[in-house]
Structures are given as C-alpha cells and as structure tokens.
> 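One structure, as structure tokens, below. Some questions next.
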Number of protein chains: 2
Amino acid sequence: MNEQRIGDNLTDVKVKNRALVLSLVKKRGLLSRIELARITGLTQPTITNIVNELITSNLLQEVGTSDTKAGRKPILLSFNNRAFYTIAISFSRHGFSVALTDLTPNILFRRDSNYELQENTEIALLELQKEFIHVLEYATQSLRLILGIGVSVPGPVEAETYTILAHPTFLNHKSLDLRSHLKEYDLPIFMANNADAACLHETWNGVAKEIPNMVYFMAGEGVGAGILIDGKLYEGKNKKAGEIGHTSVNIFGPRCVCGNQGCLEMYCNTEKILEKAREVAWFGESQFLRQLLTEKRDELKFHHLIEGAQKNDITCQNILKQLGQYIGVGIVNILNVFDPEVVVIGGEAALAKEFIEEPIRRGIEERLLYRDYVTPHIHYSQWGEDIRLLGAASVVLDHFMAGELGRF
Amino acid sequence: MNEQRIGDNLTDVKVKNRALVLSLVKKRGLLSRIELARITGLTQPTITNIVNELITSNLLQEVGTSDTKAGRKPILLSFNNRAFYTIAISFSRHGFSVALTDLTPNILFRRDSNYELQENTEIALLELQKEFIHVLEYATQSLRLILGIGVSVPGPVEAETYTILAHPTFLNHKSLDLRSHLKEYDLPIFMANNADAACLHETWNGVAKEIPNMVYFMAGEGVGAGILIDGKLYEGKNKKAGEIGHTSVNIFGPRCVCGNQGCLEMYCNTEKILEKAREVAWFGESQFLRQLLTEKRDELKFHHLIEGAQKNDITCQNILKQLGQYIGVGIVNILNVFDPEVVVIGGEAALAKEFIEEPIRRGIEERLLYRDYVTPHIHYSQWGEDIRLLGAASVVLDHFMAGELGRF
DNA sequence: GAATTTTTTTTAAAATATCACAAAATACTG
DNA sequence: CAGTATTTTGTGATATTTTAAAAAAAATTC
C-alpha cells in the first residue's frame, strides 16, 4: 500500500497544498481565494489553480460574495459536505449503531441496536450486518457516494489489520476481524478506539479545529484519552496509546483487572461511581436515591445522579463532586505531561459538567505544576451520545482529508 | 523570523530532502549514493545533486569505497563531524559546565564549575561568563566555526524568549534571561530542559536514531521526561510538557512542593532515596551504611548506595530495588499513555541499572495493560554524567540538522 | 580484452509554485 | 454618470525541483 518513500516529491507538495486548502475551507467555513492565499502564504495563482480543481471534483462550491470596501468582491467558497458520505459504526459496551453521515459529519440516517458484541458475538454480528445493509441500501437508493466505513470501538484495535482485540471490558472471548465481515461491500474500513475517534471529531468539527495539541479525556464506562499532537492523532507504536485510565494514581491501591494497582479508571469511571451511589443509597441520607432504588431496583444510571444533583440532592452532588475531584487529578496529570493547549472532557462524565466543573477547576488551580506560567483551557464535549457515531465518521473524514482516499 | 507560510513550496522539498540525506548519513554512518537513493526513494540524480552540494559545504566527505559483487564500487560518504562546532552549557542543581563539542557531538574541551546558579546568581553568572570566554577562546584559537550555543537546564524554560524560569528546585528567586547575558557573542542560543536535551541526544547519537516514538525517563535529583513523537521532540504548547515527575501516583499521598499530592518525584528522585538510606543507616542492619555515615557524616551520595549494593549489602540492594519498583510504576504509566517503541531510563538512577533493571522488568510484566500485545523496549542511558553537555550540544545539532541555521 | 554489472553523472522532460501582468468586477469621486 | 481607484481573480512565462532515460565511469568476470 505505502510505497515507502521518505524523500519528498513534487506531487507531495501538490497533495499537501490541496489538502490544506480543502481543510481550511472545511474548518473555517466561507473563505475567498485571496483569503486562502493570505492564510497559506501561497500565491494567488496557486490558490486559483487548486480551488478550480477542488470545484471540478465537487468538493468546493462558489456561494455568493462578501463585502469589501472597494474593488471586486471576493467569491466565497464553501465546503460541499454532500460531495461524499460515510457509513459510521459505533460500539458501546451495551450495543452498537450504524449510520449514514455526510462529510460535516451530520447523521442522516441511523439504526441502533442493543445486541452486545460481548455476549453472543455471532448473533450480534449477524444483527450488525443486517443493520449495515439497511443503512447501505438507504444510501445507494439516494445515490450517495460512500467514501468508506468508520468504526469506533471501546477497546484496543490491532494496528495493521484493524482487528478488534480481545479485552476484558468489551470483548473478552477472542479478537474479532470485523474487516473480513464487511469485506464484500468493497468499501475501505477504518477503525479507531472511541476516545481517538471522538478526538478526531473535535479537530474537524469541534473545539480543536485550529489547535495542534489537544487531549480528549473520556470518562464513562471506561476511561481513556485521545491525544492530538501537531494536528495529528497520536496513536503510539501499536495504536495502544492514550490508556490514561490505566495509569496508576494510587501505587498502594487495590489491584485493577489490568494488573496495575490503583488505576485512574478505578476512581473515575461511571460504573464505580454508581456502585458507590448504590452503597450510599440504602444507608445514606439521600431520600432521592433511596426512593429511586426502591422504585427501579438496581436500575440506577448515571443520569439519575445528575437528575438528583439538579434537584439539589446533597448526596448526589457530593458523589459527582468527588468524581470531579478524581477527574481533576487525571487532568492535572495530563496537563503536566502533555502541556496541551486544550483538554476536552467527554464521555458520560461530561454530562455532569455543571457539577464536576468546579472541583476540576479547583484541582487544577491547586495542583498544576506550572500554574503560574500556563493557563489550560478545559472544554466539555457538546455532542452527547452522538459523539460515538460522529467520531466514527470523523475517522473516515480524517483519512479522506489527508488525501489518502484519492478522490480529489 | 518565521515568515508564516503553512503552504508547501519547491524549496521546502529541497530543504527537507537535503536535511534527510544529511541526517541519514549522520545516523547510519557510511552510505553510498545508491543506498541513499534506495532508502529515501528519491532517484539517483537527485541524490547525486544533493550529495554534491553537501560535499561542497563540507558536511559530507567521500571516504573510500565498499565492496560489491561486481560493477563499479560505491563511493562511501561520511558525515563530517568537524565541519562545525557547538558550545554546550549545562546546568545541574550544584554547578554548571561549558564545553566545546564537534557535531557528533564529542566533548573536545570542557570547563566545570561548582557555582550554584541558585545561591548567588550574580557571581555564578560572572563565573559562567568567564568559563564561556575560556571555551570560546580555545575554539577561535583553532579556527573552529561555532554553530551556536546549546543550554541544558534542570527546570522550565520560557517558550518564546528562552528565559530560564524561576522554579523551586533550581532557580527559586527570579527568572533569568541567560540569552541577554551571552548576546554580545552574536551566536544563536538554544535552550532546553535537560530531559529534553538528553532525549535529543538519544535521537542523534543514541538508541533512538531510527525510532520515531520514544520517551526518555530521567530520574535523578528531579524526575522528568523528554518525549519524542514522530521523530521530533514534543514540548507542548508552552514547552512545559514531560513533567511526569509531578504526576500524582498517590492521590491520597503527602503534599508535594508543586501543590499536587503523591507526585512520582516524591518516590523516585534520588534525594528521597538517600533520605531513606540515611534514616535506615543509623538504625538498620547495614554495616556498610553505618560505617559510611560515621566516616563521611552526611556526605552519603547515590553512588555510595550502588557501591554498597555491589558489595552485597542487602539494605542498599533493597533500597535500590524499591527505587526500581517505583520507577517501574512510572514506566508503566508512560507505556500505557504513550505506547512508545522505546523507553530510555536516564539520570542518576540509570547508574544503578544492575539493581533496578529486574524490578522494573517485573513491574512491567505484572502491570502493563497491553502486555499481551506489545513488547516495550527499555534501555538505560550509556552516557553517564556527560549526557548533560552532550544533550546541550544536541539541542544545537537538532536545530542545525533541521536546516534552521542556514549553513547548508 | 570484451562482456557484464553496478554506481555515478549527464541530459532532457515533467510538474509545481512564483512572478509579472492582465482582466474582471465593484466602489468611490467629482 | 463617466472615470478612476481598488480589490479579486485569472493567464502566461519563468525558475526550481524531481524524474526518467540514457550515457559514462569503474570494477569484475569470463
């Protein structure tokens, strides 16, 4: 696939500049040729040339003009998010979704399912295939050109083959070569850990559009991070980077399933938080929790804690506050190690923003090594549950925009 | 200085390819033109062209031929490490050194001093200037062309201005603009944290020559890391990345000077280890330590522990073993977060390799999340104390080889 | 010593951005 | 409302760089 050339080439220049122009318009919205020239430092004829090619391949469109003081009005260019489409597949620990998205990406059509890949892999795969075909038919019916399939997985992925690897919390039986199951549709497949996928989405459509160094801290059923360095996803030698959830934050702490002691994940995954809430529910002072538990038995979910906290239930607030404190510890570690421009907090925990924000802020203020010299920016994911599918689509988008899929 | 062009250029290609060829010869030693063509994927004429330019600028030399089965013998090219020189300045917490180095870098002439920058900044600076002039005179006397000054600092450096920043453990009074003190000699000055500098040295002259992703874990008086990503030093938004010593590994642990709790540095810096040794010395069972302490009072140094361990003193061995265990925790955290190809352990701790190696290996085996999928490579610094100066020189080298200093 | 092999160099060709300038479109001025 | 200034976009020649093809150089083999 790769022809292993490390030396640079004339065509490399062209490809890079074309990708640069395209992604600038994608990220900044409406731009004129002259603005592109100014931003890139390329000359106007070069820009004209590149832009015309991109218009020919239908990726850019001329959409009206903008006002200037005098002279010819600049023609505004916009990214054509309907030029191509992706099929996004996302797995959580309790189900999966398949969707058709445009290049923004927006979710145009989705199918959700509760089959767990964990429980009965064969049946789940059949179900997946069914839903996939469903989406694919919807897409072909309306003549959408599909760039590829993006898959977001809550666990590790094998670097070369994009196999979903066996892993105690998501797929404990054996590794799964999803690619071969979808091979017959002859679409390129890209896979990423869901923190990485979410991270990519923030770079193309979120808060990290113009930010080279960012860490996406994902705290939900699992705790992991997507790491953006120099505008590119950093995945490490074996696509195994970002497992911040399994860094020890308590060397003398209890043993984690991974073998380590006192992993961060043991303190700030939402399951652990719920366990604690259940404990407190029966014996604690929270009427809200006790009532919930009698009504719904063991069906206590994370969003219940948020509801409780919003209804001023002190216990719920305190539990979330503690979650914030633990997340804060993780964030400070990230800040000290990565010195990123931005940290985005995502996953279920982000839904509790209003209750964890303050303890996190406080934690940074008190504990950050270089707090006198740097001001870290902490954002919270704006995408809710959709981020799973949006991330999956962004994986395809990311490969496409790098010029890898050769459609422009 | 930067003309802010993000678009790519024909000259960019040339500069990159030239830098690539030069660094390949520097790193791999003797190479012929045809080999360079094969490695880079560039064509032979392109290589010839570039090589001839580099020979003209005296950076490459033709040195004999190598044997082949038949045909014309390839002319071997070698990197001329005496084409230019650097002046390296390194600070530790207890003194500084100034040296002249070639481009390997080898230390050709050095001056060491025990003035602490901390104690009496003004006098120390005068002393530094004196030694610097000494080295500079030695250099000019023999007509060496100096590329620039490299400075390695055991603390943070301000990104834009290369100011040495105030910091509790090295320079607690106020920031120091070393650049302006050396301005009159009209040489470019580059500064880096000493972990970063050491990391760079490993990329140019050590174990990471061909490795894009590496973490240099430095454990000595302080604990920090130099992070290599995609072949480049990763410094973060504000050159504050890599402070792994101040990641919390015990959220419930004692407060660190930095504000955080249970920082890694509190468990595996050598000072802490020595404190523990001193405690144990009087009341423990170690005859070696007790004798040492009565002879030398409070002059117990880290190398004494190593000596003791080498003389089979169980207490010394146990203390070092524990150090290894703590370092192991740090390494596992690094491996889980960065998934690097290589981790290099440096700093004073690396001197105790024979005693910490096993507990570190064991720690990784037991605690690494993806131990079934990845095999991390752990190296130990080979450079001893010289790494400070070598690192400082490598900072200059690194800028030069990137084509920034415009001498080729 | 002629044929063969391998490396290096030369020459011509292709690709790309740049430079200088022209054309187009609009606002401002009197 | 015509003319001018201003700004954006487009065009053609030029310079630079890599590439492709072929020649030259150097060494080995038969």
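It should be emphasised that the depicted structure is a prediction, and the values quoted were computed from it without experimental measurement. Lettering follows sequence order; numbering is per chain, from 1.
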> Could you state the atom-to-atom distance from CZ of B/Arg72 to C1' of C/dT10 in whole Å?
13 Å
> Give a yes/no answer on whether the side chain of B/Asn17 brings an N or O atom under 4.0 Å of OP1 or OP2 in D/dT18.
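Yes, within the criterion.
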> Measure CD/A/Glu62 against P/D/dG10 and give the value in whole Å, please.
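These atoms are roughly 7 Å apart.
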> Looking at D/dT17, I'd like to know if its phosphate oxygens (OP1 or OP2) sit under 4.0 Å from a side-chain N or O belonging to B/Asn49.
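No, outside the criterion.
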> Can we call the ring centroids of B/Tyr234 and B/Phe338 under 6.0 Å apart?
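Ring centres of B/Phe338 and B/Tyr234 not closer than 6.0 Å.
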> Using heavy atoms to find the nearest nucleotide of DNA chain C for A/Leu10 and A/Lys73 separately, return the residue whose nucleotide is more 5′.
A/Leu10
> Give one of base, sugar-phosphate or nothing for A/Thr11, where a contact means two heavy atoms less than 4.0 Å apart.
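A/Thr11: backbone/sugar contact only, no base atoms under 4.0 Å.
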> State whether A/Arg38 places a side-chain N or O below 4.0 Å from either non-bridging phosphate oxygen (OP1 or OP2) of D/dT7.
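Result: no.
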> Measure from the side-chain N and O atoms of B/Ser394 to the backbone N and O of B/Leu397, and report whether any donor-acceptor pair falls under 3.5 Å.
no
> Within this structure, what is the NZ-to-C1' distance between A/Lys14 and D/dT17, rounded to whole angstrom?
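It works out to 15 Å between those atoms.
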> Let me know the distance between CD1 of A/Ile50 and P of C/dA15, rounded to the nearest Å.
16 Å
> Whole Å only: how far is the CG atom of B/Leu76 from the P atom of C/dT6?
17 Å
> Name the nucleic acid region contacted by B/Ile75, choosing base, sugar-phosphate or nothing; use a 4.0 angstrom heavy-atom cut-off, strictly under.
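Sugar-phosphate only.
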> Salt bridge check, A/Arg18 against A/Glu53: does any charged N sit closer than 4.0 Å to a carboxylate O?
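Here A/Glu53 pairs with A/Arg18 in a salt bridge, since their nearest N and O are under 4.0 Å apart.
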> Under 4.0 Å between a side-chain N/O of A/Arg33 and OP1 or OP2 of D/dG10, yes or no?
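True: A/Arg33 side-chain N/O within range (under 4.0 Å) of D/dG10 OP1/OP2.
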> Looking across every strand, which nucleic acid part, if any, lies under 4.0 Å from A/Pro74 by heavy atom: base, sugar-phosphate, or nothing?
sugar-phosphate
> Verify the contact: side-chain N or O of A/Ser32 to OP1 or OP2 of D/dT8, cut-off strictly under 4.0 Å; return yes or no.
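No, outside the criterion.
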> Closer than 4.0 Å, any side-chain N/O of A/Thr48 to the OP1 or OP2 of D/dT9?
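It does not, given that no N or O in the side chain of A/Thr48 lies less than 4.0 Å from OP1 or OP2 of D/dT9.
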> Tell me, yes or no, whether the heavy-atom count around B/Lys232 atom NZ, taken from other residues, nucleotides or ligands under 6.0 Å, exceeds 12.
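Result for NZ/B/Lys232: open.
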> So if I take every side-chain heavy atom of B/Pro45 and compare against D/dT11, D/dA21, D/dT17, which nucleotide ends up nearest?
D/dA21
> Could you tell me the separation between the CG atom of A/Asn9 and the C1' atom of C/dA17, rounded to a whole number of Å?
15 Å
> When you check the phosphate oxygens OP1 and OP2 of C/dT18, does a side-chain N or O of A/Thr46 lie under 4.0 Å from one of them?
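Answer is yes, contact under 4.0 Å.
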> Indicate the atoms forming the closest heavy-atom contact of B/Ala195 with B/Tyr216, along with that distance.
O-CD2, 4.1 Å
> C/dT16 C1' sits how many Å from A/Leu42 CG, rounded?
11 Å
> Whole angstrom is fine here: how far is it from CG in B/Asp12 over to C1' in D/dT18?
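That distance rounds to 15 Å.
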